[in-house]
Enquirer: 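One structure coming up, written as structure tokens, with questions to follow.
Note that this is a predicted model, so its numbers are computed, not measured. Ligands are counted one by one from 1 in listed order, and the atoms in each one are counted from 1 as well.
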Amino acid sequence: MNNVTTDPRGNSAASRDIAFAIHPYTNLKTHLANGPLVITRGEGVHVYDEEGKQYIEGMAGLWCTALGYNENRLVEAAMKAMRRLPYYHQFGGKAHDTGIDLAEQLIGMAPVPMSKVFFANSGSEANDTAMKLVWYYWNAMGKPEKKKIISRIKAYHGVTIASASLTGLPNNHRDFDLPIARVLHTDCPQYYRFGQEGESEEAFASRLADNLEKLIQREGPETIGAFFAEPVMGAGGVIVPPATYFDKIQPILKKHDILFVVDEVICGFGRTGNMFGTQTYNLQPDMISIAKNLSSAYLPISALMINERVFQGMVQESEKIGTFGHGFTYSGHPVAAAVALETLKIYAERDIVSHVRKVAPRLQSGLLKLADHPLVGEARGIGLLGGLELVKNKKTRESFDPKHMVGAYVAKRTEAHGLIVRAIGDTVAICPPLIIEEVQISQLIERLGRALDDTAAWLSHNG
Ligand SMILES: Cc1ncc(COP(=O)(O)O)c(C=O)c1O
């Protein structure tokens with residue numbers, strides 16, 4: 001059957017979408033019945049649907065449109081670059097000035113000493129590359145057994161075969177036959193869910209560090225090549241690490257000579273109130289993956305920053321083999337690189353980090369107020385990143401039955417009130433463009449509150 005002709009909406013954008021498009025992270029079956037929300041334009045922190053309805057984009061798209069939806073300087077930068085050199089690559093020692101400028105700029109602003117930048121097009125590719133480099137590096141070091149990688153339950157590092165393996169979420173593994181071998185997952189650092197009765201945040205962090213040490217000992221420290229972590233876990237449910245967590249994890253990595261890869265795909269470029277989450281949590285990574293806010297998502301570009309230690313291993317290995325056999329056609333695409341350069345220039349000129357620090361308290365205090373709502377078990381967040389975990393019982397923290405899709409209902413109701421958020425199970429994620437103003441944050445909180453009230457009414461109506 002062809003939905004174009006059978007759909008009562010006729011030849012609308014929605015019916016053509018149902019007919020032809022596959023949507024990531026969508027229940028493909030229910031989408032056939034429900035169809036999409038079709039967004040047609042954007043302005044500032046707002047987007048508009050095909051009926052002209054305005055929404056605050058409370059998720060900055062997918063945690064990425066830092067500068068909002070009509071930053072003309074980025075458009076101009078793209079057009080200029082497109083006219084001058086629409087494409088060139090970086091293979092075989094070729095280069096273009098935009099790629100060189102961007103690499104230099106990123107090394108200059110790296111939160112810890114970094115040596116080189118490798119460009120890719122998505123967060124998944126950057127993390128995939130990091131994983132390959134871990135293996136390449138340990139081969140260079142003559143330790144071919146040091147290849148296992150530890151990630152964390154509820155981590156999100158992407159969806160390619162390697163990065164989806166690093167991701168610690170069941171839906172990214174189930175029936176995709178993942179994770180691949182040599183990827184291990186240690187505890188999720190979510191105090192609200194996994195802290196024990198009477199256990200302090202610090203004691204929880206100590207227990208997790210202890211568990212990590214035990215895992216490493218069980219597997220054999222000589223077999224563990226790297227540890228991957230987001231400073232704040234995003235797509236796993238906006239999980240802010242408990243106090244002292246990274247202070248306790250990092251010495252264990254050092255002790256066993258385990259490389260540390262920090263995934264700054266969400267946290268990078270101001271989100272947590274510092275330029276990088278690495279600074280917020282005092283991290284000492286060997287590699288840092290970045291994407292999303294790097295170009296404010298106006299064009300796809302990602303990168304992996306690599307320290308001198310890992311780079312020296314790569315040099316050695318490529319000399320032995322004859323080439324560094326990795327790279328993407330669009331690595332460092334000159335138009336995307338030009339947009340990223342302009343994005344970084346705007347962040348500096350407008351002091352985006354100070355702006356985030358100025359307005360973030362409005363978001364965090366607003367979310368904390370919503371924590372009093374009967375449906376909210378925990379409000380958490382940092383900077384311009386927040387999450388509300390919905391619970392059936394505030395006291396016992398009992399969750400709703402997932403089949404009732406309470407989080408999804410809240411997200412639907414926020415849409416009705418002109419706000420786009422994301423339901424991650426029963427955690428509502430909020431991650432607005434970094435340019436958001438306090439008055440707009442207040443609107444966001446108010447609309448979210450109304451959606452929670454609607455949901456409470458719906459729940460009580462349905463028993
Ligand atoms: C922390 C983190 N890493 C990696 C990725 C994957 O990025 P992409 O979707 O660009 O492959 C994401 C995407 O949301 C992310 O949040």
Enquirer: Enter the distance from F204:CZ to Y191:OH here, rounded to the nearest 0.5 Å.
Expert: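 If I round to the nearest 0.5 Å, the distance is 8.5 Å.
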Enquirer: Nearest protein heavy-atom contact for atom 11 (O) of ligand 1: which residue, which atom, what distance?
Expert: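 So the nearest neighbour among protein heavy atoms is S124 OG, 2.5 Å.
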Enquirer: Check whether the ring centres of F260 and F228 lie less than 6.0 Å apart, and answer yes or no.
Expert: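 Between F228 and F260, which both carry aromatic rings, the centre distance is not below 6.0 Å.
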Enquirer: State whether R309 and D257 are salt-bridged, where the test is any N-O pair (Lys NZ or Arg NE/NH1/NH2 against Asp/Glu carboxylate O) under 4.0 Å.
Expert: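 Judged by the 4.0 Å cut-off on N to carboxylate O distance, R309 and D257 do form a salt bridge.
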Enquirer: Short N/O distance, under 3.5 Å, between G158 and ligand 1?
Expert: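 No; every N/O pair is 3.5 Å or more apart.
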Enquirer: How far is atom 2 (C) of ligand 1 from the closest protein heavy atom, and which atom is that?
Expert: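 I find the closest protein heavy atom is Y156 O, 3.3 Å.
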Enquirer: Y87 vs H333 aromatic rings, parallel, tilted or perpendicular, using cut-offs 30° and 60°?
Expert: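 Y87 vs H333 ring planes: tilted.
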Enquirer: How long is the straight-line distance from CG of L294 back to CG of L341, given to the nearest 0.5 Å?
Expert: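 CG of L294 is found 9.0 Å from CG of L341.
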Enquirer: Heavy-atom contact check, 4.0 Å cutoff: does L62 meet ligand 1?
Expert: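 No.
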Enquirer: Counting from 1, what ligand 1 atoms have a heavy atom of E230 closer than 4.0 Å?
Expert: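 Within the 4.0 Å cut-off of E230, ligand 1 contributes 1 (C).
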Enquirer: Using a 4.0 Å cut-off to any heavy atom of D263, which atoms of ligand 1 qualify?
Expert: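 What qualifies from ligand 1 is 1 (C), 2 (C), 3 (N), 4 (C).
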Enquirer: Quick one: does K292 get within less than 4.0 Å of ligand 1, heavy atoms only?
Expert: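 Under 4.0 Å: yes for K292.
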Enquirer: Kindly indicate whether a cation-pi arrangement holds for K53 with Y55, taking the cut-offs as under 6.0 Å to the six-membered ring centre and within 45° of the axis.
Expert: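 Positive - K53 is close enough to the ring of Y55 and near enough to its axis.
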Enquirer: Any atoms of ligand 1 less than 4.0 Å from a non-hydrogen atom of S122? List them with their elements.
Expert: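 Once the distances to S122 are compared, the set is 10 (O), 11 (O).
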Enquirer: Would you say the rings of F118 and H326 are close, in the sense that their centroids are separated by under 6.0 Å?
Expert: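 Yes, the ring centres sit under 6.0 Å apart.
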Enquirer: May I ask you to list the atoms of ligand 1 that are less than 4.0 angstrom from any heavy atom of G123?
Expert: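 Reading through ligand 1 atom by atom, the close ones are 6 (C), 7 (O), 8 (P), 10 (O), 11 (O).
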Enquirer: Going by distance only, is there an N or O of E125 that falls short of 3.5 Å from an N or O of ligand 1?
Expert: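 By distance alone, the answer is no.
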Enquirer: Let me confirm one number: the NZ-OG1 distance from K146 to T223, rounded to the nearest 0.5 Å.
Expert: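 OG1 of T223 is found 7.5 Å from NZ of K146.
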Enquirer: Does the ring centre of F324 sit less than 6.0 Å away from the ring centre of Y136?
Expert: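 Yes.
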Enquirer: With heavy atoms of I266 as the reference, note each atom of ligand 1 found under 4.0 Å away.
Expert: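 Under 4.0 Å from I266, ligand 1 has these atoms: 16 (O).
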Enquirer: At a 4.0 Å threshold, what atoms of ligand 1 neighbour a non-hydrogen atom of V265?
Expert: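 What qualifies from ligand 1 is 1 (C), 2 (C), 3 (N), 4 (C), 5 (C), 12 (C), 15 (C).
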Enquirer: Considering only heavy atoms, does N127 approach ligand 1 within less than 4.0 Å through its side chain, its backbone, both, or neither?
Expert: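 Just the side chain.
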